[in-house]
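For this chain, numbers begin at 1 and follow the sequence in order. Reckoned from all heavy atoms, side chains included, excluding hydrogens, waters and symmetry mates. Counting starts at 1 for both ligands and their atoms, in listed order.
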Amino acid sequence: MSDAWRIIEEELSKPSLFKSRESLMPEHLPDKLPHREEELRTLVSYFKHLVHDPGSISQRVLIIGGIGTGKTVLSKLFGKLFTRMARERGYNVSYAHVNCHRNRTLYNIIYDIARQTGIPLPSRGLSAKEMFDVLLSYLEELDQYIIVALDEFHYFASLSHSESVYFLARTYEAYEGSKRVNFIFIASDTSKLAFLDPATEGYLLRHIIKLEPYTSIQLYDILKYRASLAFFDGVYDDDVLKTIADYEGVDKGGSGNARHALEVLLLAGDLAEREGSKRISVEHVRRALSGLSREIVAISDFIKYSSLHELLLLLAIIRLLRRTGKREVRMGEVEEEYRGICEHYGEIPRKHTQLYEYVQSLARAGVIIAHPSGKGQRGRSTMISMHYGPLDQLEKYVVEVIEKRREIGS
Ligand SMILES: Nc1ncnc2c1ncn2[C@@H]1O[C@H](COP(=O)(O)OP(=O)(O)OP(=O)(O)O)[C@@H](O)[C@H]1O
Ligand SMILES: [Mg+2]
């Protein structure tokens, strides 16, 4: 049996800590939302007319709350369950969740609503408003009602002409026929919407559901529920969950962000699994916490697939930028730093052409920025800078990866 074959077989037969890793991912839509029951109830009460007296009003509700307070997941879960229940009672209600960050024009938003609700709109030749009219007549013909959630609504409101915002938010008010379109607007806070004209703002702010940042006790319940979906029994204990909940809880000085809490749990699970450990320890959580600044999450994918010398070169760049405090450094200086680091680790330094290749690939991945030095500098050189930070955390992270890489000898 070849070595490679054996390695693959060994890796595949390792028991996993995860029963369902996906259920910790941001896209996962859980079946219940601990500590958002009241808000769910309120949301239902606002849309009751859809099963009691459909067409009587066009409802619009604004959900606001900070990052990771569950705005998106609350709206999606409501949409999924409410439409199912309405259908069971014989009402044709559907839900469309439109991300205004992705769909930045009125045209794209309306097109996306139609796509999600299965309404065939001609893809060309119509203006946004004409498309909306076609959408309305389809709804009429099919006797269908829709709830449209406009997530990250403040993006749309800040980018689009006020006319488009007005159109989406208010035009329908004057519509004569049966009112078939209902809105949920989602934004991070009302101050982001403050530039709207007072009438539109008043219109939007009539029904508000405000999601407060989570406390540590609430986060503990959320983590406990999501961990039970994701991991096998005995993989985690209360201490692990409490450490994360206390770090993130708003009452303990954290930001009350459930997304970050779940990311930490996922990373701690990954770290434990990679180490071949059978359980997640508090130490894994600490490491996950220290390693999980948003920037590191962003570049860790790249780091996973880079070679040892690429990482040594990245370390040289980080150290040099840190030590000199300069905005950018020259390739020549970086190479010198790199040779020092190689010496420290007992590695044979790679040649200039190879290092230049590494710089290009780091730049392509967006980890660093590299450009030729301009005129007025002595000789031509490549200048290197980095947006990411803080650099000390990044340095620690890269050193950790390098050391692990050297242990396994790859
Ligand atoms: N009460 C809850 N129960 C279970 N999971 C939750 C709860 N609240 C939030 N989550 C989870 O936390 C993560 C973040 O939630 P969500 O994406 O809804 O936040 P958000 O308020 O929309 O944040 P952002 O402002 O960044 O868009 C998701 O994975 C979501 O499933
Ligand atoms: Mg969201």
Any chance you could lay out the side-chain hydrogen bond (donor to acceptor under 3.5 Å, both in side chains) test for Ser75 and Tyr95, step after step, and finish with the verdict? CA-CA 10 Å; Ser75 183; Tyr95 172 84; 2.7 Å; yes
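Annotation: salt bridge (Lys or Arg N to Asp or Glu O under 4.0 Å) contacts involving residues 131-149, sequence neighbours excluded, comprise Glu140-Arg180, Asp143-Arg180.
Under the 3.5 Å distance criterion, the side-chain polar atoms of Glu130 are matched with a main-chain donor or acceptor of Ser127.
Test Ile184, Ile209, Asn182 against Tyr46 for side-chain contact (heavy atoms from CB on, under 4.5 Å) and you get one pass: Ile209.
Under the 30°/60° scheme for interplanar angles, the aromatic rings of Phe47 and Phe82 are found to stand perpendicular.
Closer than 4.0 angstrom to ligand 1 by heavy atom are Pro26, Leu33, Pro34, Arg36, Gly66, Ile67, Gly68, Thr69, Gly70, Lys71, Thr72, Val73, Glu152, Tyr214, Ile222, Arg226, Ala258, Arg259, Leu262, sorted by chain and number.
For the pair Ile222/Tyr214, a side-chain contact is recorded, criterion being any heavy-atom separation below 4.5 Å from C-beta on.
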